[in-house]
Number of protein chains: 2
Amino acid sequence: MTNIKDIARLAGVSVSTVSRVLNNYKYVANDKRESVLQVIEEMKYTPNKNAIDLIRGETRTIGVILPYNNNPAFDQLLNGILNKALENDFLVTVLPSKYSKEKEMEYLQKLKSKLFDGIIITSRANDWETIIPYSDFGTIVSCEYTPHPEIGCSYMDRYSSFLDAFQLLKNKGHRAVSFTTARLESKSTKQMIDAYHEIFGELPPGYHISDCHCLEDGYGAAKQFLELHERPTAIYANGDEVAGGMYLYAKSQQMKVPADLAIIGQENQPVGIGLGLSTVDHQLTKIGEQACSLVIKKSREKVKIPYRIVERDSV
Amino acid sequence: MTNIKDIARLAGVSVSTVSRVLNNYKYVANDKRESVLQVIEEMKYTPNKNAIDLIRGETRTIGVILPYNNNPAFDQLLNGILNKALENDFLVTVLPSKYSKEKEMEYLQKLKSKLFDGIIITSRANDWETIIPYSDFGTIVSCEYTPHPEIGCSYMDRYSSFLDAFQLLKNKGHRAVSFTTARLESKSTKQMIDAYHEIFGELPPGYHISDCHCLEDGYGAAKQFLELHERPTAIYANGDEVAGGMYLYAKSQQMKVPADLAIIGQENQPVGIGLGLSTVDHQLTKIGEQACSLVIKKSREKVKIPYRIVERDSV
DNA sequence: CCTTGACTTGAAATGCATTTCATAAATTAG
DNA sequence: CTAATTTATGAAATGCATTTCAAGTCAAGG
């Protein structure tokens with residue numbers, strides 16, 4: 001491989017001058033600039049990015065820790081991140097964690113080892129106390145709110161959105177409302193349950209089913225809910241795929257939506273548009289974009305992204 | 001930041017010895033090894049990855065060029081790639097191209113600049129002739145077949161799969177078969193049309209609708225097909241989301257699937273499982289895994305991944 | 001007792017480009 | 001016509017870790 005020294009030699013100048021040409025520095029005589037460019041062209045020279053990153057101490061690369069890489073919610077976040085990174089000529093490295101504490105630490109270690117300028121944590125397994133020391137080595141931005149000043153946040157107020165959604169259902173006259181969630185132990189699930197209590201009080205047995213991710217899960221959940229003795233009149237699904245499954249089950253039972261069963265989903269996913277499902281849009285793409293912007297600006301701000309309820313024909 | 005020199009000084013040894021400890025080299029006296037490890041621990045030292053990559057000339061990072069980053073098919077490929085990379089301690093950088101020739105070249109340039117050990121091209125805008133010269137600088141693997149020996153391939157025989165799917169429908173007695181595709185100008189669309197001709201001959205006007213991507217598109221396409229004077233008795237959809245939309249439209253018209261309308265989808269996506277749709281599974285996840293393996297092995301083999309038709313209840 | 005091979009260690013070279021420092025020539029300002 | 005800028009360029013230092021080379025110690029084999 002030819003390097004900057006070869007170019008300098010062949011063009012009859014010093015490496016400094018070649019470097020100046022490479023970086024569009026103002027003060028280079030035209031004839032030398034020309035001959036350097038010509039040699040670069042002839043030799044098809046490309047600078048070694050590792051050497052540049054080493055000396056500059058930055059890589060224009062962002063690491064994105066995400067637990068699952070085939071999950072629509074995280075895909076939306078990643079999508080937003082990629083959009084913004086592309087705009088700003090940053091690269092994005094995907095760091096799948098599967099919620100493993102060790103993997104997460106390994107990735108944070110790579111921030112310290114100067115592989116990334118910053119890291120976006122979409123969801124995490126470790127405590128903030130464990131993560132914070134790494135914020136000395138680059139910008140860390142979280143997609144969930146945390147008060148720690150060392151960590152930037154691009155987030156939405158999940159709890160409020162849950163309250164709003166439940167309140168909407170209550171306003172429409174529903175009193176028997178059930179819901180689904182993903183992981184039982186997640187913070188989000190806890191908040192969902194709290195919001196339920198706040199609006200409807202006691203949670204009847206069987207009114208909450210967890211580990212729902214796809215259309216099938218929603219189909220099964222709806223079946224379970226509707227076989228209960230006191231069947232719910234409305235369901236809040238943790239995603240439009242799941243809501244779509246519920247809708248299909250309701251239809252299969254000759255039920256009318258929303259007359260016999262109201263359904264509201266989440267994340268404003270394509271399925272929901274097709275089926276006319278109302279949804280709580282958490283604007284994950286925007287959250288991803290904002291998170292990426294924060295890393296690029298090296299900012300540790302806390303930016304709250306507004307959610308919105310998209311009312312279509314299912315509630 | 002502390003570097004290897006600091007560690008050497010504090011531990012009272014040379015940098016070579018520290019490097020040996022870092023790389024688990026056999027011949028280091030126990031006491032020195034201990035004291036080096038202790039200093040590393042005390043100083044919370046982490047080696048600079050850019051320096052290592054520079055000198056070693058490899059990064060254990062793979063670049064993945066993909067046109068769209070919110071498309072289920074490319075997500076499946078990426079998913080497979082990430083799985084395999086994770087297993088082998090490789091990192092994956094996502095390179096969104098939007099089919100821009102310039103962006104693609106920019107990414108290939110990064111292979112030359114030693115940022116990646118290899119690149120996986122899931123789909124491309126440039127000619128192979130333009131791409132091939134870059135195979136000197138790392139392993140390039142394509143997810144589409146190409147005879148060029150410089151390029152590794154992890155692919156499936158798309159044309160055969162189209163033939164098989166159409167033949168299946170023909171065997172079930174269908175003579176009026178329509179289909180949908182994504183981009184009109186893609187190679188895949190061309191193959192689909194060729195396969196149609198091969199099995200059914202002349203393509204009746206209105207029997208092919210392009211630019212179908214999501215459930216909604218499928219819903220609309222089914223509507224269009226079924227309003228034709230000579231309505232088709234079977235549809236081959238370019239994806240299960242699309243097929244799902246068709247299924248829902250058929251149901252909305254009180255049609256029985258497959259009795260009144262047979263539907264077969266593609267890619268074996270979650271929606272299809274829920275709706276019991278038959279599908280042509282191109283095993284994109286496996287293709288992604290294999291592509292990643294090839295890069296890791298620095299192999300330029302051509303590996304054909306078998307597709308399979310999953311028969312459920314819609315044909 | 002000498003040779004040979006297994007250990008052990010450090011100095012220096014290496015990979016590559018950027019940046020600072022020093023110097024010199026050519027302009028411009030006063 | 002000096003003094004102060006602006007323009008132009010190269011040598012050398014810098015960022016950091018790996019690897020080769022040379023050399024030394026020590027124990028086992030003959």
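Fair warning: this is a prediction, and the values are worked out from it, not measured in the lab.
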S.K.: Verify, without hydrogens or angle tests, whether B:K32 (side chain) and B:A11 (backbone) share a donor-acceptor contact under 3.5 angstrom.
M.R.: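 Flag not set: sc B:K32 to bb B:A11 has no pair under 3.5 Å.
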S.K.: Among C:dG10, C:dT18, C:dT9, which is the nearest nucleotide to the side chain of B:V28?
M.R.: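 Ranking C:dG10, C:dT18, C:dT9 by closest atom to the B:V28 side chain puts C:dT9 first.
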S.K.: If I take atom CG in residue A:D31 and atom P in nucleotide D:dA8, what distance separates them, rounded to the nearest angstrom?
M.R.: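 Computing the A:D31:CG to D:dA8:P distance gives 10 Å.
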S.K.: Please classify the nucleic acid contact of B:V18 as base, sugar-phosphate, or nothing, using heavy-atom distances under 4.0 Å.
M.R.: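 Touches nothing.
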S.K.: Main chain of A:S135, side chain of A:R300: is a donor-acceptor contact present, judged purely on distance under 3.5 Å?
M.R.: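 Yes, A:R300 side chain to A:S135 backbone: donor-acceptor pair under 3.5 Å.
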S.K.: Can you tell which of D:dT9, D:dT19, C:dC7 lies closest to the side chain of A:T17?
M.R.: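 Nucleotide nearest to A:T17's side chain: D:dT9.
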S.K.: In whole Å, I'd like the distance from the CD1 atom of B:I4 to the C1' atom of C:dA11.
M.R.: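 Taking CD1 of B:I4 and C1' of C:dA11, I get 14 Å after rounding.
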S.K.: Of the options C:dA17, C:dT8, C:dG10, whose atoms approach the side-chain atoms of B:Y27 most closely?
M.R.: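 Nearest listed nucleotide: C:dT8.
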S.K.: Taking atom P of D:dT9 as reference, at what distance in whole Å does atom CD of A:E34 sit?
M.R.: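 One finds 13 Å between P of D:dT9 and CD of A:E34, rounded.
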S.K.: So which nucleotide from D:dT18, D:dG10, C:dA17 ends up closest to the side chain of A:K32?
M.R.: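 Nearest listed nucleotide: D:dG10.
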S.K.: Once you round it to whole Å, what is the distance between C1' of C:dT18 and CG of A:N50?
M.R.: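 Nearest whole value for this atom pair: 15 Å.
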S.K.: Distance to the ring centre below 6.0 angstrom and angle to the axis at most 45 degrees; does that hold for B:R183 and B:Y99?
M.R.: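 Judged by the rule, B:R183 and B:Y99 form a cation-pi pair.
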S.K.: Pick out the pairs of N or O atoms, protein on one side and nucleotides 13-15 of chain D on the other, that lie under 3.5 Å.
M.R.:
none

S.K.: Between C:dT19, C:dA6, D:dT20, which nucleotide gets closest to the side-chain atoms of B:R20?
M.R.: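 When the side chain of B:R20 is considered, D:dT20 is the closest of C:dT19, C:dA6, D:dT20.
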S.K.: Evaluate the criterion side-chain contact (heavy atoms from CB on, under 4.5 Å) for residue pair A:Y307 and A:Q283; output intermediate values, then yes/no.
M.R.: CA-CA 6 Å; A:Y307 58 85; A:Q283 305 221 81; 5.6 Å; no
S.K.: Measure from NZ on B:K26 to C1' on C:dA6 and round the result to the nearest Å.
M.R.: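 Spelled out: NZ on B:K26 to C1' on C:dA6 is 9 Å.
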S.K.: Is there a donor-acceptor contact under 3.5 Å from the side chain of B:N23 to the main chain of B:Y25?
M.R.: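 No; zero donor-acceptor contacts below 3.5 Å.
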S.K.: Which whole-number value in Å describes the distance from B:R56 CZ to D:dA17 C1'?
M.R.: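 Distance check: B:R56 CZ to D:dA17 C1' gives 9 Å.
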S.K.: Output the single nucleotide from D:dA8, C:dA12, D:dT18 whose closest atom is nearest the side chain of A:A29.
M.R.: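 That would be D:dA8.
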S.K.: For A:N23, answer base if it contacts any base atom (sugar-phosphate contacts may also be present), sugar-phosphate if it contacts only those atoms, and nothing otherwise; contact means non-hydrogen atoms under 4.0 Å.
M.R.: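 Here A:N23 touches the backbone only, sparing every base.
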S.K.: Between A:K112, A:E150, A:Q109, which is the residue that forms a side chain to side chain donor-acceptor pair (under 3.5 Å) with A:Y134?
M.R.: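 Testing A:Y134 for a side chain to side chain donor-acceptor pair (under 3.5 Å) against A:K112, A:E150, A:Q109 leaves exactly one candidate, A:Q109.
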S.K.: Give the minimum heavy-atom separation between B:R60 and B:D117, together with the two atoms involved.
M.R.: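 Smallest heavy-atom distance, with atoms named: N-OD2, 2.8 Å.
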S.K.: By nearest nucleotide on DNA chain C, pick out whichever of A:M1 and B:N30 is the more 5' one.
M.R.: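 It is B:N30 whose nearest nucleotide is closer to the 5' end.
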